Amino acid sequence: MDSMYKNLALNLVRVTESAALAAGRFLGKGLKEAGDGAAVDAMRNAFSTIDINGSIIIGEGEKDNAPMLYNGEKVGNGNGLDLDLAVDPVEGTNLLALGRPNAIAVVGACPAGNMYDPGPSYYMKKIVGPPEAAKVIDINAPVKDNLTNIAKAIGKSVEELVVFVLEKPRHDQLIADIRKTGACIQLHTDGDVAGSLMAVNPDSDVDVMMGTGGTPEGVISACAIRALGGQMFAHLDPQSEAERQAIQSYGTDLNEILTVETLITSDDAFFAATGISGGSFLSGVKYHSKGAISHSMILNGRTGTVRFIKSYHNRPLT
């Protein structure tokens, strides 16, 4: 069993590499659905070659006529570990379509029965910070209080903090509140998972991620954050009355404060990401006459190991 876990992270990165290599050919072509579809097909094919019995907990919605890794789908060859999986073949489909930085292919995994099922929830409010700030974050506290406490915990002034925020109309007040504190802001159009990873990566320029993003992306991020030892505080944040009613009908408590420990209830958390469009987080796919070069990050929560991998795919890609 230990040997299976030892190899799991490396198997997962083969899956994200396959998705990234397929999606990268659509960079900047404005073909969001086509790029995503190619990544889905490549990711599913790669899963079929590895020794896992996986269930997609966080996928791309219910099954329909389009190819997708849907919630509840079984992947892997049926042998080996029983796993819950969170996948996003292209995290940042708009980034890919427009040729913008930080589109990535991601997979998170943990032992079966240990991943939070968000049901029909689409949106989640989050604050993500590094391990040093884990005990001082309060998602219900004012922005000023959180940034003051985070800055103190990591040994910076508030004015030196860099906060990742998605540039959405729903965040107009949040952005104004951050600016009042004097903190710096990085505004991104998309890339919720990448933002969370930046916030817990000591080599990143980002210190904290704040705001409402996707619920599926929150669960995916929790795999990585738990493996890195960082923390995320969150609660579901429906953006419509229909979403609110669907969540309540599903039996989910809208007032529950979620953490990485409640989103992923096992220390055996694994995560892999491969850059598609490149950027400040991971370099993108570079094609050449014999194949391609990809850049990935893998995390093993069992050992606390973080690896950055540069792979040379030296054969023609179809």
Side-chain angles (χ1 to χ4, degrees), residues 91-92 94-95 100-102 104 121-222 224-239 254-263 279-282:
E91 204 269 324
N94 286 322
L95 300 177
R100 291 175 177 167
N102 295 324
I104 56 177
S121 172
Y122 298 122
Y123 290 95
M124 175 188 283
K125 181 180 178 181
K126 313 159 195 173
I127 302 180
V128 181
E132 299 84 353
K135 294 183 179 180
V136 302
I137 296 172
D138 179 356
I139 195 167
N140 291 321
V143 169
K144 180 180 179 180
D145 292 354
N146 271 311
L147 295 185
T148 299
N149 292 333
I150 291 170
K152 183 177 180 180
I154 65 176
K156 287 187 173 184
S157 68
V158 173
E159 290 76 12
E160 294 171 326
L161 283 182
V162 178
V163 185
F164 179 107
V165 181
L166 292 177
E167 190 176 10
K168 307 291 184 182
R170 62 178 177 268
H171 289 151
D172 287 348
Q173 187 59 54
L174 171 63
I175 292 167
D177 290 342
I178 294 170
R179 285 176 172 159
K180 285 180 183 177
T181 71
C184 303
I185 301 176
Q186 276 195 15
L187 290 174
H188 294 255
T189 58
D190 299 274
D192 205 344
V193 176
S196 294
L197 290 171
M198 291 178 196
V200 295
N201 181 357
D203 295 326
S204 165
D205 295 332
V206 171
D207 299 300
V208 57
M209 193 273 277
M210 304 180 77
T212 294
T215 300
E217 288 82 356
V219 180
I220 294 172
S221 299
I225 296 167
R226 177 141 196 176
L228 285 168
Q231 186 54 277
M232 172 169 62
F233 290 87
H235 64 71
L236 303 185
D237 189 17
Q239 299 296 294
L254 282 166
N255 296 315
E256 181 182 5
I257 303 300
L258 302 165
T259 66
V260 292
E261 291 80 15
T262 55
L263 292 168
S280 56
F281 174 53
L282 284 170

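Predicted model only: the values in this text are computed from it and were never measured. Computed over heavy atoms, backbone and side chain alike; hydrogens, waters and symmetry mates excluded.
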Pick from N149, L161, V208, V136: which one makes a side chain to side chain contact (heavy atoms under 4.5 Å, CB included) with I154?
L161
If you take all heavy atoms of A153 and A133, which pair is closest and at what distance?
CB-CA, 4.0 Å
Can a donor-acceptor pair be found, under 3.5 Å and without considering hydrogens, that links the side chain of Q231 to the backbone of K135?
no
Could you tell me whether the side chain of Q239 reaches within less than 4.5 Å of the side chain of Y122, counting heavy atoms only?
no
Please report the C-alpha distance between M198 and V162 in whole Å, then the side-chain angles of each, then the deciding distance to 0.1 Å, and finally whether the side-chain contact (heavy atoms from CB on, under 4.5 Å) criterion is met.
CA-CA 10 Å; M198 291 178 196; V162 178; over 6 Å; no
Residues in side-chain hydrogen bond (donor to acceptor under 3.5 Å, both in side chains) with E167, at least two apart?
none
Which donor-acceptor pairs under 3.5 Å do side chains of residues 178-185 form with protein atoms, sequence neighbours excluded?
residue, atom, partner, partner atom, Å
T181, OG1, I178, O, 2.6
T181, OG1, A183, N, 3.2

Side-chain donor-acceptor contacts of residues 212-220 below 3.5 Å, not counting sequence neighbours, with atom names and distances?
residue, atom, partner, partner atom, Å
T212, OG1, D237, OD2, 2.6
T215, OG1, S121, OG, 2.8
T215, OG1, Y123, N, 3.0
T215, OG1, Y123, O, 3.0
T215, OG1, M124, N, 3.4

State, yes or no, whether a side-chain contact exists between L236 and L258 at a heavy-atom distance under 4.5 Å.
yes
Can you name the nearest heavy-atom pair linking I257 to T262, along with the distance?
O-OG1, 4.5 Å
Contacts of T148 that satisfy side-chain hydrogen bond (donor to acceptor under 3.5 Å, both in side chains) - sequence neighbours left out:
none
Please examine the side chains of M209 and K126, heavy atoms only from C-beta on, and report whether any two atoms are closer than 4.5 Å.
yes
For the pair K168 (side chain) and T189 (backbone), establish whether a donor and an acceptor sit closer than 3.5 Å, ignoring hydrogens and angles.
yes
To the nearest 0.5 Å, atom CD1 of I150 lies from atom CD1 of I127 at 6.0 Å
For the student: nearest non-hydrogen atoms of A224 and L197, plus distance
CB-CD2, 3.2 Å
Among residues at least two apart in sequence or on other chains, which ones pass side-chain hydrogen bond (donor to acceptor under 3.5 Å, both in side chains) with D207?
K156
First locate atom CG of N146, then atom NZ of K144, and finally report the distance between them rounded to the nearest 0.5 Å.
13.0 Å
When rounded to the nearest 0.5 angstrom, what is the spacing between NE2 in H171 and CG in D177?
11.5 Å
Closest non-hydrogen atoms of E91 and V193, given as atom of the first, atom of the second and distance, are OE2-N, 3.2 Å
Minimum heavy-atom distance L254-P238, with the two atoms named
CD2-CD, 3.8 Å
Just wondering, more than 12 heavy atoms not from D138 lying within 6.0 Å of its CG?
yes
Sequence neighbours excluded, the answer for side-chain hydrogen bond (donor to acceptor under 3.5 Å, both in side chains) partners of N102 is none
Does any part of the side chain of H235, heavy atoms only, come nearer than 4.5 Å to the side chain of E256, both counted from C-beta?
no
Shortest non-hydrogen pair, F233 vs I137, comes out as CD1-CG2, 3.6 Å
